[in-house]
Amino acid sequence: MDHHLVPPVPSVGFRGADTRTRISNAERTERDAGMGRLRALEHHNDRAAWHETTLRSLLHQNTDQKARMGLSELLGELTADWGLGWSGIAHLVNVSVPAIRKWRLGGDVSPARLKALAQLVAFLQMLRDEHISDPASWLSLSMEDSVSLEEIRKTDIYASGGAIALLLYAKGYISQAELLSCSSAARYSKSQHTRVVRAPDGQLSIISTGVEDSSGRQEE
Amino acid sequence: MADPLEAPRSADDLYLSRSADRDGVPVHRPIVTGDVFADVEIPGVERVPGDDQQLAMIVSHPCSMRQGARLNDHVQVIRVVRREPIRLEEWPKRYYDLMPLPDLTVIVDPDDIMSVDPEAELAVRSAEGAHAGFFELRGRVESPQLKVQSRIACLSEHGVGLLHQRMTHHDTRHSPRVEQLVQTCAAVFAEIELWELWNERLIPGDVLGCSDKLADELDRVAVMFDEALSAKRPIVNKKNGFYTLRGDLGIKKEEAKARRAIHRILEEISKGSKKEVTEAG
């Protein structure tokens, strides 16, 4: 589609005055509409940015509140009340499963990690407030890019810092396409491909292909 | 030339727990693929240098090593022996006949090294702990030989994925993606995790030191857990329709709900047990 945000200079030439006026009026109207659109877009962007900021501070505020619960309460709530597993929690807060095991057994947790756990609880609660009845299930389901047909996981979007984008999506403020376009999460090809390649030991191997990293490179 | 195999980000990524960890290997965790046991004789597998501890790792697939809560009479294992360390960057390129097990018995933390020559000490400690499981040294052992008290390490889910990838490649030259291999075991690992929690909550602390009593308690909880997971539950608004919590753990959309239900059942049983103890007292 060819968008002209700035209209081309009108060619006047040898047209009659009547025609010139008509063209000028039409152009003026379009130009005004274009300017209006730009202003609206600017206004919309300002509003969108402001909305994101308020959503972010709401998440922070809820996170701080949840952080007061302490480590074992947070882990208990994530597993027993929300239905997440240890490996799921580990993935969402970017730690190893053994780290979660250590925390469960009374090991120390850094303030940053405690905050990450608290943010996850706050995030799930905010999803429930948006009438998502089972936020952990909602988060575990994948989405499909309608253009590339690749699979993108909401858990990957969250883990790569996309909590706010997911909340905006859950609230219906952004579309799935917008959510996916702003996410750096990994994409997985749904079709299975294998290739026969020469391995470093000189023999042939069959390898699976199809997973792409966030930069779009094919994994070799 | 393409590298067919993947590597973990670090040795710590490979294990869920090791006996060298501060908390050791939990006796509450049910036996599963990737567990390493000491003092296991493998019929048909000859003695080799470095096998003085007779270490063996379970390689049977987690989906097929049990009937309900009961381990099959036999499981497949490979011999684990001491060998020089294999650097992580070598995992994809070489040693296709083995599963490297770095820092298996000694945990090497560079922050703990106070020596005047930290590089040398790091190398010595890494060499002390490095082991590998050899796919050619494979056999089946009787399950009762595998005691939770003699378990020295458990692989993480990702570690089991790496093990399966290397073993499949060794057997067939096909290398499935680790991420997909992990996905196929996810429901069983979810079950193992919840089962461990049941063991923690329902097994009295005073039996932990007694091998026979602990085995009896593990069996008792295993039966309860299996009954809860395999019980047929009616589907609301569906005549004759039923589901099981075990089945739901394998369905992404239902998994969280099934986990919550399993937690709730545990809570009810715990309350019942406490009440029984109080009444008896």
Side-chain angles (χ1 to χ4, degrees), chain A residues 76-91 95-108 124 133-142 153-155 186 188-189 192-211 218-220, chain B residues 1-6 9-10 12-18 21-23 26 29 90 92-97 154 156-159 165 168-169 172-180 182 186 189-190 193-194 196-197 200 249 251-264 266-267:
Chain A
E77 182 165 338
L78 286 169
T79 52
D81 298 346
W82 296 105
L84 288 172
W86 306 125
S87 54
I89 298 171
H91 176 60
V95 297
S96 65
V97 181
I100 303 268
R101 175 175 287 276
K102 278 172 195 155
W103 296 345
R104 279 181 58 217
L105 298 171
D108 290 336
L124 293 168
S133 61
D134 192 345
S137 277
W138 182 84
L139 199 56
S140 73
L141 296 178
S142 304
R153 297 176 190 159
K154 293 195 197 102
T155 48
Y188 304 88
S189 171
Q192 298 294 306
H193 297 292
T194 52
R195 271 193 311 139
V196 177
V197 297
R198 180 81 53 195
D201 66 352
Q203 304 295 316
L204 295 175
S205 290
I206 310 161
I207 61 167
S208 300
T209 58
V211 71
Q218 280 272 310
E219 195 178 78
E220 290 290 318
Chain B
M1 220 177 273
D3 299 334
L5 300 174
E6 296 167 52
R9 280 173 303 182
S10 71
D12 290 345
D13 223 26
L14 202 58
Y15 303 103
L16 196 64
S17 60
R18 284 167 279 179
D21 278 334
R22 194 190 67 173
D23 303 305
R29 185 174 165 81
E90 288 181 298
K93 299 175 193 302
R94 298 177 63 192
Y95 307 112
Y96 293 163
D97 58 336
C154 303
S156 63
E157 284 171 56
H158 187 66
Q165 187 189 52
T168 308
H169 186 255
T172 65
R173 299 295 294 189
H174 178 223
S175 164
R177 296 201 317 250
V178 168
E179 181 256 336
Q180 284 179 325
V182 171
F189 276 108
E193 176 192 305
L194 290 157
E196 180 181 349
L197 197 69
E200 283 174 9
L249 278 180
I251 303 170
K252 270 268 163 257
K253 194 161 69 79
E254 305 293 342
E255 187 193 340
K257 200 167 122 199
R259 282 178 178 274
R260 288 195 296 271
I262 295 166
H263 277 281
R264 268 198 308 276
L266 172 61
E267 205 56 47

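All chains are named by letter (A, B, ...) in the order of the sequence lines, taking the proteins before the strands, and each is independently numbered beginning at 1.
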Could you tell me whether the side chain of B/Glu193 and the main chain of A/Gly85 form a donor-acceptor pair under 3.5 Å?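 A pair under 3.5 Å: no.
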Expected output: side-chain A/Ser137 to main-chain B/Lys253 donor-acceptor under 3.5 Å: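 Here the side-chain-to-backbone pair exists.
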Given that the side chain runs from C-beta out, which part of [X] has a heavy atom under 4.5 Å from chain A: side chain, backbone, both or neither?
X        : value
B/Gln165 : neither
B/Arg29  : side chain
B/Glu200 : side chain
B/His174 : both

Candidates B/Glu90, B/Lys93, B/Arg94 - the one meeting side-chain contact (heavy atoms from CB on, under 4.5 Å) with A/Pro200: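 With A/Pro200 as partner, side-chain contact (heavy atoms from CB on, under 4.5 Å) holds for just one option, B/Lys93.
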Apply side chain to side chain contact (heavy atoms under 4.5 Å, CB included) to A/Asp134 and B/Arg260, showing your working. CA-CA 11 Å; A/Asp134 192 345; B/Arg260 288 195 296 271; 2.9 Å; yes
A/Ser96 side, atom OG; B/His158 side, atom NE2 - distance, nearest 0.5 Å: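 A/Ser96 atom OG to B/His158 atom NE2 measures 11.5 Å (nearest 0.5 Å).
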Check ion pair B/Asp23-A/Arg104 (N to O, under 4.0 angstrom):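 Not counted as a salt bridge, because no side-chain N and carboxylate O are separated by less than 4.0 Å.
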Below 4.5 Å, heavy-atom pairs only: which of A/Gly106, A/Ala99, A/Ala136, A/Ser140 has the largest tally toward chain B?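 The option with the most such pairs is A/Ser140.
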Over all heavy atoms of both residues, which pair between B/Tyr15 and A/Pro98 is shortest? Give the atoms and the distance, please.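 For B/Tyr15 and A/Pro98, the tightest heavy-atom pair comes out as O-CG, 2.8 Å.
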Ignoring hydrogens, what is the shortest heavy-atom contact between A/Leu204 and B/Arg173? Give both atom names and the distance.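 Looking at all heavy atoms of both residues, the shortest contact is O-NE, 2.8 Å.
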Which bit of A/Trp82 comes within less than 4.5 Å of chain B, counting heavy atoms only: side chain, backbone, both or neither?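 The backbone, not the side chain.
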Interchain contact, A/Leu141 with chain B, by part (heavy-atom threshold 4.5 Å):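 Side chain only.
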Do B/Arg259 and A/Thr79 pass the side chain to side chain contact (heavy atoms under 4.5 Å, CB included) test, and can you show the C-alpha distance, the side-chain angles, and the key distance before you say yes or no? CA-CA 8 Å; B/Arg259 282 178 178 274; A/Thr79 52; over 6 Å; no
